[in-house]
Amino acid sequence: MKASLEASQPVDEEPFEIHIDTRGCHDGPKTARLRAATNKPKLFDGMKFYFFGDFFKGYKEDLQNLVKVAGGTILETEEELGAESSNNVGDQGSSPVVVYNIDPPPGCGLGEEVTIIWQRANEAEALSTKTGSKVVGHTWLLESIAGYKLHPMISKRRERTNKCFSFTICASLFFVYTKLL
């Protein structure tokens with residue numbers, strides 16, 4: 001922006017693009033720019049998202065706006081989620097996505113953070129199982145947008161045995177742990 005203001009006109013953005021970010025995402029801005037220039041579908045084109053559970057005030061709306069700008073559709077109610085899921089029975093590629101917040105509330109102790117994230121993940125997975133949708137933590141959206149490519153989604157169905165629990169929950173807990181280091 002500063003270069004455009006100094007030139008009194010928009011300048012080419014390519015020299016200013018981030019090639020790799022602090023999370024290891026490569027060439028997201030370049031990929032997005034090139035796809036837009038060739039009229040290719042946006043990142044979340046045809047995908048539908050339902051935001052479930054607690055988010056910080058205003059943050060949910062910011063995430064929803066990012067999804068919309070990237071071509072996705074927001075499902076506002078669980079009824080819409082269920083109806084959309086039943087329309088896509090047998091078509092896993094177009095299943096709606098339940099998004100939950102993996103950030104713990106501010107001021108929580110480590111044990112409390114783990115409990116809250118565990119509860120959020122379990123509730124989101126229960127909803128996705130009930131509706132036949134996929135489930136992701138909100139950081140999946142951010143990482144997919146940063147690299148302008150869809151990151152893998154973890155299956156919503158977890159083994160119902162004592163020896164294994166959801167990779168989604170493990171990833172959420174690992175995220176919290178790494179933030180504390």
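Just so it is clear, the structure is predicted and the values come from calculations on it, not from any experiment.
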same_hphob_cluster(F51, L142) at 4.5 Å side-chain heavy-atom cutoff = yes
Roughly how far, to the nearest 0.5 Å, is the CE atom of M153 from the OG atom of S144?
-> 7.0 Å
Is L141 close to F49 at the side-chain level, that is, under 4.5 Å between some pair of heavy atoms?
-> yes
Keeping the roles fixed (side chain from R120, backbone from Y100), state whether a donor-acceptor pair exists under 3.5 Å.
-> no
Nearest 0.5 Å please: distance from the CD1 atom of I74 over to the CE atom of M47.
-> 11.0 Å
Which atom names give the shortest non-hydrogen contact between V11 and A7, and what distance separates them?
-> CG1-CB, 3.8 Å
Sidechain-backbone polar pair: D45 side chain, G71 backbone, donor-acceptor under 3.5 Å = no
Output the distance between atom CD1 (I117) and atom CG (N122), rounded to the nearest 0.5 Å.
-> 12.0 Å
How long is the span from the NZ atom in K68 to the CD atom in E61, to the nearest 0.5 Å?
-> 9.0 Å
What one should report as the nearest heavy-atom pair of I145 and L66 is CD1-CB, 3.8 Å
In the single-linkage hydrophobic clustering (I, L, V, M, F, W, Y; side-chain heavy atoms under 4.5 Å), do V98 and I116 co-cluster?
-> no
Any side-chain heavy atom of K130 sitting closer than 4.5 Å to one from E78?
-> yes
In this structure, CD of Q64 is separated from CD of E76 (nearest 0.5 Å) by 6.0 Å
Answer yes or no: is there a donor N or O on one side and an acceptor on the other, between the side chain of S133 and the main chain of S95, under 3.5 Å?
-> no
Does a side-chain heavy-atom distance below 4.5 Å link L127 with L81?
-> yes
Is the shortest heavy-atom distance from the side chain of F44 to the side chain of L150 under 4.5 Å?
-> yes
Cluster link Y59 to W140, ILVMFWY, side chain under 4.5 Å | yes
Between CZ of F56 and CG of L63, what distance do you get to the nearest 0.5 Å?
-> 11.0 Å
So, the side chain of R35 versus the backbone of K42: is there a donor-acceptor pair under 3.5 Å, distance only?
-> no
K60 and F52: CA distance, side-chain angles, deciding distance, side chain to side chain contact (heavy atoms under 4.5 Å, CB included) verdict | CA-CA 10 Å; K60 177 179 173 180; F52 177 75; over 6 Å; no
Going through the checks in order, is the side chain to side chain contact (heavy atoms under 4.5 Å, CB included) test met by Y50 and E84?
-> CA-CA 10 Å; Y50 177 71; E84 191 60 42; over 6 Å; no
